[in-house]
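Everything on this sheet refers to the single structure shown next.
Residues take their numbers from the sequence shown, with the count starting at 1. Any value given below was found using the heavy atoms of this structure, including those in side chains, with hydrogens, waters and symmetry copies removed.
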Amino acid sequence: MINIVLFGKPGAGKGTQAEFLKAKYNLTHLSTGDIFRFNIKNDTDLGKLAKTFMDKGDLVPDEVTIQMLQSEVDKNPDSAGFLFDGFPRTIAQAEALDAFLASKNQEITATVALEADDEILVQRLLERGKTSGRPDDQDEEKIRNRYQEYNEKTAPLMDYYKKQGKFHAVNGIGTIAEVTERLNLVFDNLK
(Lines give C-alpha, C1' and ligand atoms only; values in the text may rest on other atoms or scores of the structure.)
Protein backbone atom coordinates (compact mmCIF):
# COMPACT_ATOMS: atom_id res chain seq x y z
CA MET A 1 0.00 0.00 0.00
CA ILE A 2 1.21 3.47 -0.88
CA ASN A 3 0.10 6.48 1.16
CA ILE A 4 1.18 9.87 -0.11
CA VAL A 5 0.72 13.31 1.40
CA LEU A 6 0.51 15.94 -1.34
CA PHE A 7 0.91 19.45 -0.07
CA GLY A 8 1.62 22.97 -1.12
CA LYS A 9 0.07 26.39 -0.77
CA PRO A 10 -3.42 27.04 -2.10
CA GLY A 11 -3.19 27.36 -5.87
CA ALA A 12 -0.04 25.23 -6.19
CA GLY A 13 -1.89 22.66 -8.31
CA LYS A 14 -2.57 19.90 -5.80
CA GLY A 15 -6.09 19.18 -7.03
CA THR A 16 -5.12 19.20 -10.69
CA GLN A 17 -2.14 16.91 -10.14
CA ALA A 18 -4.05 14.63 -7.78
CA GLU A 19 -6.40 13.72 -10.65
CA PHE A 20 -3.48 12.40 -12.73
CA LEU A 21 -1.75 10.71 -9.81
CA LYS A 22 -4.80 8.87 -8.50
CA ALA A 23 -5.51 7.44 -11.96
CA LYS A 24 -1.93 6.41 -12.74
CA TYR A 25 -1.17 4.89 -9.32
CA ASN A 26 -4.68 3.64 -8.47
CA LEU A 27 -4.92 5.73 -5.30
CA THR A 28 -7.97 6.97 -3.44
CA HIS A 29 -7.81 10.76 -3.48
CA LEU A 30 -8.85 12.34 -0.21
CA SER A 31 -9.04 16.11 -0.53
CA THR A 32 -10.07 17.78 2.69
CA GLY A 33 -11.06 20.85 0.67
CA ASP A 34 -13.38 18.80 -1.56
CA ILE A 35 -14.82 16.96 1.43
CA PHE A 36 -15.44 20.25 3.25
CA ARG A 37 -17.02 21.82 0.15
CA PHE A 38 -19.30 18.79 -0.28
CA ASN A 39 -20.42 19.10 3.34
CA ILE A 40 -20.93 22.86 3.01
CA LYS A 41 -22.94 22.45 -0.20
CA ASN A 42 -25.11 19.83 1.45
CA ASP A 43 -25.44 21.91 4.63
CA THR A 44 -24.29 19.14 6.97
CA ASP A 45 -23.32 19.90 10.56
CA LEU A 46 -19.65 19.43 9.62
CA GLY A 47 -20.14 21.73 6.63
CA LYS A 48 -21.68 24.48 8.74
CA LEU A 49 -18.84 24.24 11.24
CA ALA A 50 -16.12 24.16 8.57
CA LYS A 51 -17.66 27.14 6.77
CA THR A 52 -17.33 29.39 9.83
CA PHE A 53 -13.55 28.91 9.71
CA MET A 54 -13.09 28.83 5.93
CA ASP A 55 -15.01 32.09 5.49
CA LYS A 56 -12.36 33.82 7.57
CA GLY A 57 -9.52 32.13 5.70
CA ASP A 58 -8.65 30.07 8.79
CA LEU A 59 -7.90 26.37 8.96
CA VAL A 60 -10.62 24.07 10.25
CA PRO A 61 -9.66 22.76 13.75
CA ASP A 62 -7.68 19.53 13.92
CA GLU A 63 -10.26 17.44 15.75
CA VAL A 64 -12.93 18.12 13.11
CA THR A 65 -10.57 17.48 10.23
CA ILE A 66 -9.12 14.29 11.72
CA GLN A 67 -12.52 12.71 12.43
CA MET A 68 -13.67 13.51 8.94
CA LEU A 69 -10.55 12.01 7.34
CA GLN A 70 -10.66 8.85 9.43
CA SER A 71 -14.23 8.33 8.27
CA GLU A 72 -13.18 8.69 4.63
CA VAL A 73 -10.31 6.19 5.00
CA ASP A 74 -12.66 3.72 6.67
CA LYS A 75 -15.08 4.04 3.72
CA ASN A 76 -12.36 2.70 1.38
CA PRO A 77 -11.07 -0.53 3.00
CA ASP A 78 -9.99 -2.07 -0.34
CA SER A 79 -7.98 0.89 -1.56
CA ALA A 80 -4.49 0.31 -2.97
CA GLY A 81 -3.43 3.47 -1.17
CA PHE A 82 -4.38 7.03 -0.38
CA LEU A 83 -3.40 10.40 -1.74
CA PHE A 84 -3.93 12.87 1.08
CA ASP A 85 -4.49 16.34 -0.38
CA GLY A 86 -4.70 19.21 2.09
CA PHE A 87 -4.03 17.00 5.10
CA PRO A 88 -2.12 17.01 7.33
CA ARG A 89 -1.65 20.75 7.72
CA THR A 90 -0.13 20.81 11.17
CA ILE A 91 2.32 18.69 13.16
CA ALA A 92 -0.55 17.61 15.43
CA GLN A 93 -2.51 16.42 12.38
CA ALA A 94 0.55 14.57 11.05
CA GLU A 95 1.01 12.81 14.38
CA ALA A 96 -2.69 11.93 14.48
CA LEU A 97 -2.54 10.60 10.91
CA ASP A 98 0.56 8.52 11.73
CA ALA A 99 -1.18 7.06 14.79
CA PHE A 100 -4.37 6.34 12.85
CA LEU A 101 -2.48 4.62 10.00
CA ALA A 102 -0.35 2.66 12.48
CA SER A 103 -3.58 1.32 14.01
CA LYS A 104 -4.25 -0.15 10.54
CA ASN A 105 -0.64 -1.41 10.12
CA GLN A 106 0.06 1.30 7.54
CA GLU A 107 2.22 4.40 7.31
CA ILE A 108 2.88 7.43 5.14
CA THR A 109 5.10 6.35 2.26
CA ALA A 110 6.17 9.85 1.23
CA THR A 111 5.19 13.49 1.24
CA VAL A 112 5.43 15.55 -1.91
CA ALA A 113 5.34 19.34 -1.79
CA LEU A 114 4.42 21.38 -4.85
CA GLU A 115 6.47 24.53 -4.48
CA ALA A 116 5.75 27.88 -6.13
CA ASP A 117 6.26 31.60 -5.57
CA ASP A 118 3.51 33.33 -3.56
CA GLU A 119 2.94 36.08 -6.12
CA ILE A 120 2.38 33.57 -8.92
CA LEU A 121 -0.02 31.62 -6.70
CA VAL A 122 -2.01 34.72 -5.70
CA GLN A 123 -2.60 35.48 -9.37
CA ARG A 124 -3.57 31.84 -10.05
CA LEU A 125 -6.15 31.92 -7.27
CA LEU A 126 -7.60 35.25 -8.30
CA GLU A 127 -7.99 33.86 -11.84
CA ARG A 128 -9.53 30.64 -10.51
CA GLY A 129 -11.89 32.73 -8.36
CA LYS A 130 -13.38 34.31 -11.49
CA THR A 131 -14.84 30.95 -12.55
CA SER A 132 -14.81 28.69 -9.48
CA GLY A 133 -17.39 30.60 -7.48
CA ARG A 134 -15.22 30.05 -4.40
CA PRO A 135 -15.29 33.19 -2.24
CA ASP A 136 -11.93 32.28 -0.67
CA ASP A 137 -10.33 32.62 -4.13
CA GLN A 138 -11.78 36.05 -4.88
CA ASP A 139 -10.30 38.14 -2.07
CA GLU A 140 -6.57 38.80 -2.12
CA GLU A 141 -6.48 39.56 1.61
CA LYS A 142 -8.07 36.18 2.40
CA ILE A 143 -5.64 34.46 0.03
CA ARG A 144 -2.66 36.06 1.75
CA ASN A 145 -4.14 35.10 5.14
CA ARG A 146 -4.26 31.48 3.93
CA TYR A 147 -0.57 31.72 2.97
CA GLN A 148 0.30 33.14 6.39
CA GLU A 149 -1.59 30.23 8.01
CA TYR A 150 0.31 27.84 5.74
CA ASN A 151 3.70 29.37 6.62
CA GLU A 152 3.00 29.27 10.35
CA LYS A 153 1.28 25.91 10.65
CA THR A 154 1.98 23.79 7.57
CA ALA A 155 5.54 24.64 6.54
CA PRO A 156 6.93 22.96 9.73
CA LEU A 157 5.66 19.66 8.27
CA MET A 158 8.58 19.74 5.87
CA ASP A 159 11.01 19.22 8.75
CA TYR A 160 8.72 16.62 10.33
CA TYR A 161 8.79 14.50 7.18
CA LYS A 162 12.44 15.27 6.33
CA LYS A 163 13.42 13.73 9.68
CA GLN A 164 11.58 10.57 8.58
CA GLY A 165 13.28 10.62 5.15
CA LYS A 166 9.89 10.97 3.47
CA PHE A 167 9.95 14.53 2.06
CA HIS A 168 10.19 15.37 -1.64
CA ALA A 169 9.95 18.89 -3.09
CA VAL A 170 8.71 19.35 -6.66
CA ASN A 171 8.72 22.57 -8.67
CA GLY A 172 5.03 23.43 -9.17
CA ILE A 173 5.64 26.08 -11.87
CA GLY A 174 5.30 25.14 -15.53
CA THR A 175 2.71 23.46 -17.68
CA ILE A 176 0.45 20.86 -16.12
CA ALA A 177 2.27 18.18 -18.14
CA GLU A 178 5.69 19.37 -16.94
CA VAL A 179 4.63 19.28 -13.28
CA THR A 180 2.98 15.88 -13.77
CA GLU A 181 6.22 14.51 -15.22
CA ARG A 182 8.20 15.81 -12.23
CA LEU A 183 5.74 14.17 -9.86
CA ASN A 184 5.85 10.88 -11.79
CA LEU A 185 9.64 10.78 -11.37
CA VAL A 186 9.21 11.00 -7.59
CA PHE A 187 6.35 8.49 -7.43
CA ASP A 188 8.07 5.97 -9.70
CA ASN A 189 11.08 5.90 -7.36
CA LEU A 190 9.09 5.23 -4.18
CA LYS A 191 9.47 1.83 -2.65
Side-chain angles (χ1 to χ4, degrees), residues 1-10 12-42 44-54 58-115 146 149-170 183 186-191:
M1 177 169 282
I2 184 171
N3 293 309
I4 305 293
V5 173
L6 182 63
F7 71 100
K9 292 180 180 175
K14 296 180 302 295
T16 299
Q17 292 301 326
E19 291 302 312
F20 296 112
L21 296 169
K22 76 178 186 180
K24 180 171 182 176
Y25 299 98
N26 194 28
L27 301 173
T28 300
H29 178 215
L30 297 179
S31 163
T32 51
D34 289 348
I35 296 165
F36 285 142
R37 283 186 286 280
F38 173 84
N39 281 280
I40 289 168
K41 181 180 177 184
N42 291 289
T44 66
D45 289 342
L46 175 63
K48 291 174 189 172
L49 181 59
K51 187 172 182 350
T52 64
F53 295 96
M54 293 169 71
D58 293 338
L59 296 178
V60 176
D62 287 353
E63 59 274 6
V64 175
T65 306
I66 291 164
Q67 288 176 5
M68 174 208 55
L69 197 71
Q70 289 174 341
S71 172
E72 293 298 318
V73 168
D74 288 341
K75 289 178 188 174
N76 295 282
D78 299 324
S79 180
F82 294 93
L83 182 61
F84 297 98
D85 170 2
F87 187 92
R89 290 192 176 184
T90 64
I91 298 294
Q93 287 180 0
E95 291 170 345
L97 180 59
D98 285 348
F100 173 66
L101 290 175
S103 76
K104 297 183 167 300
N105 295 316
Q106 298 176 35
E107 66 178 4
I108 293 299
T109 309
T111 61
V112 181
L114 286 173
E115 298 185 332
R146 288 158 67 193
E149 287 270 322
Y150 180 92
N151 289 335
E152 291 172 5
K153 297 178 182 174
T154 306
L157 285 171
M158 293 177 198
D159 288 333
Y160 179 83
Y161 287 113
K162 281 178 184 176
K163 288 176 185 171
Q164 296 178 20
K166 297 178 179 181
F167 179 81
H168 305 272
V170 172
L183 287 167
V186 171
F187 273 60
D188 289 344
N189 289 304
L190 295 175
K191 304 237 187 271

Item checked: Spacing of Asn151 atom CG and Arg146 atom CZ [to the nearest 0.5 Å] -> 13.0 Å

Checklist line | Derivation of the side chain to side chain contact (heavy atoms under 4.5 Å, CB included) call for Leu46 and Ile40 | finding: CA-CA 8 Å; Leu46 175 63; Ile40 289 168; over 6 Å; no

Notebook entry, point to check: Are Phe84 and Thr28 side-chain neighbours, meaning at least one heavy-atom pair lies under 4.5 Å?
Noted result: no

Note to self: Please tell me whether Gln106 and Asn3 have a donor and an acceptor in their side chains that are separated by less than 3.5 angstrom.
What the structure shows: yes

Check: To the nearest 0.5 Å, what is the distance between CZ (Phe100) and CD (Glu107)?
Finding: 15.0 Å

Check: Which salt bridge (Lys or Arg N to Asp or Glu O under 4.0 Å) pairs, counting each pair once, include a residue from residues 73-83, with sequence neighbours left out?
Finding: Glu72-Lys75, Asp74-Lys104

For residues 157-170, which side-chain donor-acceptor pairs fall under 3.5 Å, sequence neighbours excluded?
from: Tyr160; atom 1: OH; to: Asp98; atom 2: OD2; distance (Å): 2.5
from: Lys166; atom 1: NZ; to: Ile108; atom 2: O; distance (Å): 2.8

Note to self: Return the CG to CG distance between Asp62 and Leu97, rounded to the nearest 0.5 Å.
What the structure shows: 11.5 Å

Notebook entry, point to check: Any side-chain heavy atom of Leu69 sitting closer than 4.5 Å to one from Leu30?
Noted result: yes

Check: With a 4.5 Å heavy-atom cut-off, do Phe87 and Ile66 have their side chains touching?
Finding: yes

Next item on the list: Please report the shortest heavy-atom distance between Pro88 and Ala94, naming the atom on each side.
Entry: CB-N, 3.4 Å

Note to self: Testing the basics here: between Lys14 and Lys9, what is the closest heavy-atom pair and its distance to 0.1 Å?
What the structure shows: NZ-O, 3.3 Å

Note to self: Between Glu149 and Arg89, is the side chain to side chain contact (heavy atoms under 4.5 Å, CB included) condition met? List the steps.
What the structure shows: CA-CA 9 Å; Glu149 287 270 322; Arg89 290 192 176 184; over 6 Å; no

Check: Got Thr32 and Thr65 here, is their nearest side-chain heavy-atom distance under 4.5 Å?
Finding: yes

Checklist line | Min side-chain heavy-atom separation Thr90-Thr154 under 4.5 Å | finding: no

Next item on the list: Applying side-chain contact (heavy atoms from CB on, under 4.5 Å) between Val112 and each of Leu83, Leu190, Leu21, Ile4, report the one that passes.
Entry: Ile4

Checklist line | CG-CG distance between Asp85 and Asp34, expressed to the nearest 0.5 angstrom | finding: 7.0 Å

Next item on the list: Would you check, one step at a time, whether the test side chain to side chain contact (heavy atoms under 4.5 Å, CB included) holds for Leu27 with Met1?
Entry: CA-CA 9 Å; Leu27 301 173; Met1 177 169 282; over 6 Å; no

Item checked: Main-chain N/O of Asn76 paired to Ser79 side chain as donor or acceptor, under 3.5 Å -> no

